[in-house]
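First comes the structure, then the notes that go with it.
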Amino acid sequence: MSVVVRFAPSPTGVLHIGSVRTALFNWLFARHNGGKFLLRIEDTDKLRSTEENARSILEILNWLRLDWDGDPVIQSSRIDRHKEVAHDLVKSGKAFFCTCSPEDLNAKKEAAIKSGKPYKYDGKCRDRSGNKPGNAVIRLRAEMVGTSTLDDLVQGRVTIENSQLDDLVLLRSDGTPTYMLSVVVDDHDMGITHVIRGDDHLTNTFRQMQIYEACDWGVPRFGHIPLIYGPDGAKLSKRHGAASAQDYIQLGYLPEAIFNYLLRLGWSHGDSEIISREEAIEWFDIGGVGKSPARFDMAKLQNLNAHYLKLKDDQSLFDCMLPFLEDGLTSEQRQNILRGMKSLKERARTLVELADSSKIYFEAPTKFDEDCGRYATEKHLSLLKDFSDIVRNSAELKESSLLEATKALATEKDVKLVEIAQAVRGALCGRLASPSIFEIIEIIGREETLLRIRNFSNRIEKS
RNA sequence: GUCUCCUUCGUCUAGGGGUCUAGGACACCGCCCUUUCACGGCGGCAACACGGGUUCAAAUCCCGUAGGAGAUGCCA
């Protein structure tokens, strides 16, 4: 059986992270089954769609390495075809012209709601015949009796009464096709075998199935995956966890982490947590996707990201981090960051954190965390002087020899090593958390070390 | 309102009648390692929404209830 799936975003805004997951599941389904993963840009809402958005969607798919087959289909280029199908349906009696005005319909709807009755189109124009009246819409002549059943790949068997459905609009009064018509026609023409999409489309699927049947086309299989919610169970938004894929890039997440996290959200393979893309392709099964909606957990994403950060080699991690660093770094500064990368990446959860922590290798601290004040005493001032002497007099600045010398100093002065180390750390980094101070000294060198300690000491003396 | 779907630790989940005194991961807490912070190691806290059935046996099957979500557009 050959499998053809598609991802069909509309470029009306930024790509939501939930849509990214839909794309991921489609891609995995295609790759697992050796099928095709097609792309369709649903840009029929000309008012809200932009080229810019469309471009950024492709960028994000590329970023995640979700490669698609063939050229993207641009839905707006297919409008004539959609219209043709609608008119064919009128000819074959499966659809009809309707001249009810939106105002009339609205009035009927409000009346129905007011009287507590379920509303649906009353079929007033069903028996109209002849040519298209001026500003008529085309409605599907929907099946009203019996039931319809959908064997959903994710949701299982779902059945509804056809009486719930009504004669949906296929072509608007201005002659443009509706979403319902366009998806069906495009999915059919593109040879889509499996439609995997958000479960907000679940009930619409029954309407779409009727269009397939009216056209006498085979109905594809459907899989409706649950939406993703924010940490508080509400919709994912900027306020509660980022909402768009672009946000996560800016927050400093790696594509590997997003890939893994999104896959694990609502899907699992036993106890596996860290899943490579190869394993994902091998293991993915659409039936294994959970039916219940999942909440987005930033902490878990961060943990995964930290994991993938550590996995990356120093050079490529540096390249990933580059956009988060300020421009104009000298090649020496870059070299220093690279040398310190091994220890830096153990401490960072995101590229933003990594870039921030790497500052110690190209600029002296300009501000100091409050808790550095603990080491701003007479005693520490004197220790910093002694430590400076060690740095000044060491033949070469090696981590091991510096450590020995500092230990000796601690013994001599009868203080704990930590007292010296933390004072030095504060002076070098402006904060009390960093890689080994001796490693930092080895990288930034004698002059810079002495300078930073002097600056810090001056500060203490002033206050 | 009507229809549809969902409900296992705080979160993501394993589980598909007996192996469940319910497993893993993240988060949290404690201990160890340690010049700090991390990393790593060890340990701890913590869940089957509720009520009825069916069955020798139910987290697992059925029916209700409650709560949540989605659909009900000449948006996509």
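Naming convention: chains lettered A, B, ... in sequence-line order (proteins, then strands); numbering from 1 in each chain. From a predicted model like this one, the values you see are computed outputs, not experimental measurements.
- Contact check on A:Asp88 versus A:Lys94 returns no salt bridge, with no Lys/Arg side-chain nitrogen under 4.0 Å from an Asp/Glu carboxylate oxygen.
- B:G67 is paired with B:C6 under the criterion used here, namely a Watson-Crick or G-U wobble arrangement in which both key atom distances are under 3.5 Å.
- Nucleotides B:G18 and B:A57 are separated by 6 Å at their C1' atoms, to the nearest Å.
- Ranked by how close their nearest RNA chain B nucleotide is to the 5' end, A:Lys120 and A:Glu42 are led by A:Lys120.
- Distances were taken from every side-chain heavy atom of A:Glu399 (C-beta onward) to each of B:U4, B:G70, B:U35; the shortest belongs to B:U35.
- Comparing B:C12 with B:A47, their C1' atoms sit 13 Å apart, to the nearest whole Å.
- When only modelled atom types and interatomic distance are considered, A:Thr350 and A:Asn305 share no side-chain donor-acceptor pair under 3.5 Å.
- A:Gln155 comes within 4.0 angstrom of sugar-phosphate atoms only, judged by non-hydrogen atoms across all strands, and of no base.
- Donor-acceptor pairing under 3.5 Å, judged by distance alone, is absent between the side chain of A:Asp199 and the base of B:G70.
- Among B:C3, B:C74, B:A71, the nucleotide with an atom closest to any side-chain atom of A:Arg172 is B:C74.
- For the P atom pair drawn from B:A69 and B:U8, the interatomic distance equals 15 Å after rounding to whole Å.
- Using a 4.0 Å heavy-atom criterion, one finds that A:Phe206 contacts no nucleic acid atom at all.
- Between the side chain of A:Thr178 and the base of B:C74 there is no donor-acceptor pair of N/O atoms closer than 3.5 Å.
- Other residues, nucleotides and ligands place no more than 12 heavy atoms under 6.0 Å from the CZ atom of A:Arg157.
- Taking the six-membered ring where tryptophan is involved, the planes of A:Tyr212 and A:Phe222 are perpendicular, since the angle between them exceeds 60° and thus also 30°.
- A:Ser19 and A:His16 form no side-chain donor-acceptor contact under 3.5 Å, judged by distance and modelled atom types alone.
- In this structure, B:U34 forms no base pair with any nucleotide, since neither Watson-Crick nor G-U wobble geometry is met with both distances under 3.5 Å.
- Closest approach to the A:Ser292 side chain among B:C5, B:G70, B:U7 is made by B:U7 (side chain taken as heavy atoms from C-beta onward).
- Between A:Asp297 and A:Leu403, the residue anchored nearer the 5' end of RNA chain B, judged by the nucleotide with its closest heavy atom, is A:Asp297.
- One can find a donor-acceptor pair under 3.5 Å joining the base of B:U35 and the side-chain atoms of A:Arg425.
- Side-chain to base pairing of A:Ser436 with B:U35: one donor and one acceptor N or O lie within less than 3.5 Å of each other.
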